[in-house]
Amino acid sequence: MLIRRCEENPIVVPGRPKWRRVATFNPGVILEGGTFYMYERCAGSLRPFKTSIGILKSTDGVHFELASQEPILTGDMFNLPGASIEDARVVRIDGTYYLSYALQPHEFDCWPSGTGVPDYQTYRYEGWHDYPRPMITQSGIAVSKDPVHFEHLCFTSPREIDDRDHALFPEKINGEFVLLRRPMEWVGEKFGTQQPGIWIATSPDLKSWSEPKLLAVAENDWEGGKIGAAASPVRTDEGWLLLYHGVDGTSTYRVGAMLLDLEKPTSVLARTSDFIMEPEEYYERFGLVIPNVVFPTAVVVKDDELLIYYGCCDTSIALATVGVDELVAHIKK
Ligand code: BMA
């Protein structure tokens, strides 16, 4: 199987205005009637490393330009001026746009180490003492009737636990919304797993949720101790195609893939044992914030090709493509 990197990678880089001049990464992308909308996570400084969501547009899925001079989702909208809004994953269901995001409620500083996860420091900032541990992430959903004007709708995890990588399925299944999440604290006998995993839950209204079920945990060395959903799944004839990320002991982020049953997405039909993407190119191995990260957060199907949009080193955004059938056959092998 061949995953092709776009020759123009990285396709989106930091730049003006100043709220995005340091980093842009981990984007949501949807294709709507010939227009690609990209929801970038971007930062204007490393200290604090406060990220918000900006919006870009494209007609070819490769060349994007800013669609708004202001970010469309910021901490201010949550009355949390220091908050970071992160990793937007966007779907449209029945004419409404749903954007799942991760929220870190207060400021922190980023001191890159060049060798792995940066030293993230919270001590200069107030508010973190309300939480059991610093850098904790709560996840939620914002909604809009158009691709631009999102408003916070609900939280999909409690503030006491560290829970990110939330992704909605792009359709209701048996009349219900379906959500993937990755709660770090759901480990131990009570949860039936020793590792944080990808969990799945359903809801008629995004308010009340079914008892979450454990969908998958790390099984291979490259996945390290935890995996998380990459992008919202896409429908194929053979099942829901889900990309996910794993992070090994050297903090290298790689990508795997699985197929879930179309009617019963709690059931994993097939899964790659080896990764399908890892950091190879310069822009995937070196960046301003963290080295060796490919972090897909969006997939779009166009002309039987899967367009994979991914963050590189928390610094820039790249695109890779693979035939949908080719990838599905590879997962089933
Ligand atoms: C994860 C998340 C991602 C980020 C990645 C690499 O834990 O914070 O948003 O891209 O780490 O730093």
Side-chain angles (χ1 to χ4, degrees), residues 2-44 51-74 85-92 97 99 101 144 146-150 170 230-232 234 241 243 253 255 276-277 279-289 293-324 326-327:
L2 192 60
I3 295 200
R4 290 169 293 274
R5 262 88 172 165
C6 177
E7 281 176 9
E8 296 186 50
N9 277 348
I11 58 166
V12 179
V13 294
R16 277 185 294 210
K18 68 177 198 266
W19 45 270
R20 63 182 300 284
R21 70 180 164 188
V22 161
T24 171
F25 54 113
N26 302 1
V29 180
I30 50 169
L31 173 58
E32 283 288 311
T35 303
F36 290 82
Y37 293 90
M38 175 182 279
Y39 305 87
E40 59 172 357
R41 169 181 172 191
C42 45
T51 61
S52 51
I53 305 296
I55 184 166
L56 303 103
K57 268 201 298 199
S58 166
T59 50
D60 63 4
V62 176
H63 303 98
F64 283 86
E65 56 185 51
L66 220 54
S68 163
Q69 290 301 311
E70 300 296 330
I72 61 159
L73 269 184
T74 65
I85 317 296
E86 308 172 353
D87 303 355
R89 291 157 169 117
V90 184
V91 292
R92 196 186 75 167
Y97 298 82
L99 181 156
Y101 61 82
S144 177
D146 63 54
V148 185
H149 302 94
F150 284 88
S232 284
V234 291
L241 170 58
L243 301 191
Y253 280 76
V255 185
I276 60 163
M277 268 181 93
E280 285 174 19
E281 300 292 335
Y282 185 86
Y283 54 87
E284 299 168 345
R285 293 169 51 220
F286 303 97
L288 185 63
V289 178
V293 174
V294 289
F295 199 91
T297 33
V299 288
V300 170
V301 177
K302 185 163 186 274
D303 304 330
D304 302 324
E305 288 279 302
L306 191 71
L307 313 187
I308 305 171
Y309 292 91
Y310 58 105
C312 302
C313 306
D314 291 8
T315 301
S316 64
I317 292 171
L319 165 67
T321 58
V322 61
V324 174
E326 199 183 346
L327 177 54

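Along the sequence shown, the residues carry numbers beginning at 1.
Between the CG atom of Asp314 and the SG atom of Cys42 there is a distance of 12.5 Å, given to the nearest 0.5 Å. Annotation: the span from Leu306 atom CG to Ile3 atom CD1 amounts to 8.5 Å, rounded to 0.5 Å. Annotation: the span from Thr297 atom OG1 to Arg89 atom CZ amounts to 6.0 Å, rounded to 0.5 Å. Here the straight-line distance linking atom OG1 of Thr24 with atom CZ of Arg41 works out to 10.5 Å at 0.5 Å rounding. Between the OG1 atom of Thr59 and the CZ atom of Phe64 there is a distance of 9.0 Å, given to the nearest 0.5 Å. Atoms CG and CD1, from Leu99 and Ile53 in turn, are 6.5 Å apart once rounded to the nearest 0.5 Å.
Val90 is not listed as a side-chain neighbour of Val29, based on a closest heavy-atom distance of 4.5 Å or more. With a 4.5 Å cut-off on side-chain heavy atoms, Asn9 and Leu319 count as touching. For the pair Leu243 and Leu327, the minimum side-chain heavy-atom distance is below 4.5 Å. Using a 4.5 Å heavy-atom threshold, the side chains of Glu86 and Phe25 count as separate. Contact check for Ile55 versus Ser68: side-chain heavy atoms found under the 4.5 Å cut-off. Put simply, the side chain of Lys57 reaches to within 4.5 Å of the side chain of Tyr37, judged on heavy atoms. Residues Leu56 and Glu65 form no side-chain contact, since every pair of their non-hydrogen atoms from C-beta on lies 4.5 Å or further apart.
Heavy atoms only, all atoms of each residue included: Arg4 and Gly323 are closest at NH2-N, 3.9 Å. When all heavy atoms are compared, the tightest approach of Ala298 to Pro27 is CB-O, 3.4 Å. Here the shortest heavy-atom pairing between Leu31 and Gly34 reads CD1-C, 3.9 Å. Minimum interatomic distance between Cys313 and Gly287 (heavy atoms only, all atoms of both residues): CB-CA, 3.8 Å.
Judged by distance alone, with hydrogens and angles left aside, the side-chain atoms of Trp19 form no donor-acceptor pair with the main-chain N or O of Thr51 at under 3.5 Å. The backbone N or O of Glu305 lies less than 3.5 Å from no partner atom in the side chain of Asp303, so there is not a single donor-acceptor pair. Although no hydrogens or angles enter the test, the distance criterion places a donor-acceptor pair under 3.5 Å between the side chain of Glu284 and the main chain of Glu281. Ser58 places a side-chain N or O within donor-acceptor distance of the main-chain N or O of His63, the cut-off being under 3.5 Å. The closest donor-acceptor contact from the side chain of Gln69 to the backbone of Pro17 lies at 3.5 Å or more, if one exists at all.
Among Val300, Val299, Val12, Asn26, the one residue that satisfies the side chain to side chain contact (heavy atoms under 4.5 Å, CB included) test with Tyr309 is Val300.
A search for side-chain contact (heavy atoms from CB on, under 4.5 Å) contacts involving Leu288 returns Val22, Leu46, Thr315, not counting sequence neighbours.
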Margin query: Run Tyr39 and Phe150 through ring pair (Phe, Tyr, Trp, His ring centres under 6.0 Å) and show every step you take.
Written below: CA-CA 11 Å; Tyr39 305 87; Phe150 284 88; 5.8 Å; yes
Notebook entry, point to check: So Glu32 and Arg92, salt bridge (Lys or Arg N to Asp or Glu O under 4.0 Å) or not? Walk me through it.
Noted result: CA-CA 9 Å; Glu32 283 288 311; Arg92 196 186 75 167; 3.0 Å; yes
Next item on the list: For the pair Glu40 and Arg20, evaluate salt bridge (Lys or Arg N to Asp or Glu O under 4.0 Å) and give the outcome as yes or no after the intermediate values.
Entry: CA-CA 9 Å; Glu40 59 172 357; Arg20 63 182 300 284; 2.8 Å; yes
Next item on the list: Determine, step by step, whether Val62 and Cys6 satisfy the side-chain contact (heavy atoms from CB on, under 4.5 Å) criterion, reporting the C-alpha distance in whole Å, the side-chain angles of both residues, the deciding distance to 0.1 Å, and the verdict.
Entry: CA-CA 8 Å; Val62 176; Cys6 177; 3.9 Å; yes
Next item on the list: Start with the C-alpha distance between Val91 and Ile30, add both sets of side-chain angles, then the distance that settles side-chain contact (heavy atoms from CB on, under 4.5 Å), and finish with yes or no.
Entry: CA-CA 7 Å; Val91 292; Ile30 50 169; 5.8 Å; no
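Aromatic rings of Tyr310 and Phe295 (six-membered ring for Trp) have centroids beyond the 6.0 Å cut-off, not under it.
Heavy-atom contacts from other residues, nucleotides or ligands closer than 6.0 Å to CG of Asp304 number 12 or fewer.
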